[in-house]
Structure formats: C-alpha cells, structure tokens
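To keep things clear, I will list the structure first and then write my remarks on it.
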Number of protein chains: 2
Amino acid sequence: MRKKKAPLADTLTTARLKVAGLRPTRQRIALARLLFGRGNRHVSAESLYDESVKAGVPVSLATIYNTLHQFTRAGLLQQIVLEPGRNYFDTNTGEHQHFYSEDDGALFDIPGDVISVSGVPEPPRGMAVDRVEVVVRLKRA
Amino acid sequence: MRKKKAPLADTLTTARLKVAGLRPTRQRIALARLLFGRGNRHVSAESLYDESVKAGVPVSLATIYNTLHQFTRAGLLQQIVLEPGRNYFDTNTGEHQHFYSEDDGALFDIPGDVISVSGVPEPPRGMAVDRVEVVVRLKRA
DNA sequence: ATTTGTGCAAATCGTTTGCATCTGA
DNA sequence: TCAGATGCAAACGATTTGCACAAAT
C-alpha cells in the first residue's frame, strides 16, 4: 500500500526539520509552517500558541516552548531579549538589528548591512565574540 | 538638644537622594551607599538583597524592587536587559556598552567612547531614538 | 520495539501588589 | 500630623518540569 500523498509544503518542511536533526512530528511541521511560511516574523511563545490554536493546530503551550528552544538550538530561530520577563524569537537568523518601541512594544528589523559597529574591543582571554547585538530603542517623539 | 552627628558619607548620600526627589530613608540611604559606595556596579534585585542582608541592613525584597525602580526613574541607575526573566541594574548611567558572557553570566562595561555605531536609520514617523544599546555577547573561545 | 515527542498539571522563578504598620519632615 | 515608605504574604505571569501516554522510526 502506498503512502498518503503529503502537500509539497509539508515535504519541504519535513526535509528542513530532518536536516536540523529534528524528528518531523505533526506539531513541529505545523509550527514550522506557521513560522517560516512567509517572510520574517517575531513571535513570543504566547503569540505563537494563540496563532496555532486559531489555525486549528492542537498544540500545548509546553510543546510551543520546547519547539521554540529546539528550533533556536538548531539555528532556525534567533532569540531576542528586549525586556525582562518576555522572550521573543526571530525567524530572521542572519545578521541584522532591531528597532524597538518601548511605548507600544513594536519591533522592526533593521537589515544587516545598514548599521555598522566599529571599535569592538578584544574580548577577555579565552572568550570570543559570539554576536554583537544592537537594539535601537525608540520613544514617542 | 543637638542632633546626633551623621557620618559624612551619609550626609552626601542624603543630599543626593534629596536632589533626586527621594525622601532619604534608612533603607534608601543604606542601599545607595552599597550601590554608589565605590565604582561602577551591576546588580540584580536578588544580588543586592543578599548583599544588604550580609551587610546587616534589614530590607525587604519588595523594598529592594521599589528602590531599584525609583533610582532608575531618578536617573541614578540604568536598566540592562540581557536575558529574559532577570533584570540587571547598572550604576554607570553614562553612555557605554557591555560585554556579556552567555556561559557564566559575567558582565563588563565597555567605555562609551570605544565602540562607534554608524548608519542608524531614521526612526519611523513620530518616533525618536531614545538609546542605542549594544551588547557584545561572548562565548568560550 | 524502541526511542523520542507531547500534553497536562503542578512546580518554579522573578517580580508585583494590597494592605496594615511604621517613619521622616 | 500625615503623606509617603516599608514589610509581609499573597498574587502574578512567563517559563520549566515530571511523568503518563502517544507517535515516529
């Protein structure tokens, strides 16, 4: 008996997960499609959870957290820390920076080639620079 | 009857608090002395609480939180967000940046004139740049 | 069949809040 | 005196954990 035919998007997502060393389960496939479906996105665990529920994808919050962390470890997502007590994830894993509005929490990407940072000093012995993070914090004019 | 003579350091601290519009209470004076006593410091609510207890200053954790926020509002401290779920405060309120070791949580100042950031784009309509925050994240070499 | 992932609920962590009591001017 | 500050304990929100069950290889 032949396997049931899966939509092309799922096949691609599945391949992507396998490459990342993650077993392609229902939930991971569904979340990956929501996350990487179109364009760069910023999500929090809560926002992704809500979105999943609305999209009719039955996932528990615990699995959302697991998945976000696994994807991050696998290099599919990047974490952004903007305020204590809330964690954002960015589907854009390339080098880029952010505008962040303290007033309303809005978050925009700044393409990686726009801002340049110079003069970063030598890190202390035994340490290497992992990432230079730039957040441009905005306030109402 | 004459007032009991206060140590010079307390007098200075008291003056400083008054200037900031904060009533110089026992706790605020004690915490201010711990914070601004010598050199720049990075503290979390928990670390300052522990330190206070060890120094024999009886303060509640709630007061630590109140005080840190009041000092921040008064411009005596600057908040630093490095990881979700933990809030750091820096006694250096001038423009400067940070080295942050993801491995052990170590945090060092980078003087304000060392790193230069150029190419920050125009903020969206109605917004102004409040602060450009740079965190150099380190990993073990 | 075995390994790995998932869901649920309880537990944890940092932080905030409500309110009675205390303190500084 | 009395507005403002403090302490305590309970409340909170985001995240993590433990464990029984389910699904993928």
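Just so it is clear: chains get the letters A, B, ... in the order the sequence lines come, proteins before strands, and each one is counted from 1. In this text the structure is predicted, and so the values were computed from the model without any measurement.
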Q. What salt bridge (Lys or Arg N to Asp or Glu O under 4.0 Å) pairs are there with at least one residue in residues 87-102 of chain A, not counting sequence neighbours?
A. Glu102(A)-Arg137(A)
Q. Under 4.0 Å: is that the gap between some side-chain N or O of Arg23(A) and OP1 or OP2 of dT25(D)?
A. no
Q) Do the side-chain N or O atoms of Arg28(A) get closer than 4.0 angstrom to the phosphate oxygens (OP1, OP2) of dG5(C)? A) yes
Q: Return the nearest nucleotide to the side chain of Thr63(A); candidates are dT25(D), dG7(C), dG7(D).
A: dG7(C)
Q) Nearest-Å distance, OH (Tyr49(A)) to P (dG13(D))? A) 16 Å
Q) Has the side chain of Asn87(A) got a donor or acceptor atom that lies under 3.5 Å from a matching backbone atom of Pro84(B)? A) no
Q. With clusters built from Ile, Leu, Val, Met, Phe, Trp and Tyr whose side-chain heavy atoms come within less than 4.5 Å, directly or transitively, what are the remaining members of the cluster of Val81(B), listed by chain and number?
A. Val81(A)
Q: Could you check how far CD of Gln70(B) sits from C1' of dA5(D), rounded to whole Å?
A: 8 Å
Q: Kindly say whether Thr63(A) contributes a backbone atom to a donor-acceptor pair with the side chain of Thr67(A) at under 3.5 angstrom?
A: yes
Q: Give the ring-plane orientation class for His96(A) versus His98(A), where under 30° counts as parallel, over 60° as perpendicular and anything between as tilted.
A: perpendicular
Q: Using five pairs at either end of the helix from dA1(C)-dT25(D) to dA25(C)-dT1(D), determine the angle between the two local helix axes and round it to 10 degrees.
A: 30°
**Q.** Check: Arg140(A) main-chain N/O paired with Asp103(A) side-chain donor or acceptor under 3.5 Å
**A.** yes
(Q) Strictly by salt bridge (Lys or Arg N to Asp or Glu O under 4.0 Å), give each pair with a member in residues 46-62 of chain B just once, sequence neighbours left out. (A) Arg41(B)-Glu51(B)
Polar-atom pairs under 3.5 Å, protein N or O versus N or O of nucleotides 15-19 of chain D: list them with distances, or write none.
residue	atom	partner	partner atom	Å
dT15(D)	OP1	Asn87(A)	N	3.0
dT15(D)	OP2	Tyr65(A)	OH	2.4
dT15(D)	O5'	Tyr65(A)	OH	3.1

Q: Check whether any side-chain N or O of Thr25(B) sits under 4.0 Å from OP1 or OP2 of dG4(D), and answer yes or no.
A: no
Q. How many Å lie between CG on Leu17(B) and P on dG4(D), as a whole number?
A. 17 Å
Q) What's the shortest heavy-atom distance between Leu138(A) and Pro123(B), and which atoms? A) CD2-CB, 3.7 Å
Q: Rounded to the nearest angstrom, tell me the gap between atom CD1 in Ile64(B) and atom P in dG14(C).
A: 15 Å
Q. How close or far is atom P of dT6(D) from atom CD1 of Ile29(B), stated in whole angstroms?
A. 10 Å
Q) In whole angstroms, how far is the P atom of dG4(D) from the CZ atom of Arg73(B)? A) 14 Å
Q) Can you pull the salt bridge (Lys or Arg N to Asp or Glu O under 4.0 Å) pairs that have at least one residue in residues 23-37 of chain A, sequence neighbours excluded? A) Asp10(A)-Arg33(A)
Q. For Glu83(B) and dT15(C), what is the distance between atoms CD and C1' respectively, to the nearest whole Å?
A. 15 Å
Q. Reckon Gln27(A) has a side-chain N or O less than 4.0 Å from the OP1 or OP2 of dA23(D)?
A. no
Q: Provide, to the nearest angstrom, the distance between the CG atom belonging to Leu68(B) and the P atom belonging to dG14(C).
A: 15 Å
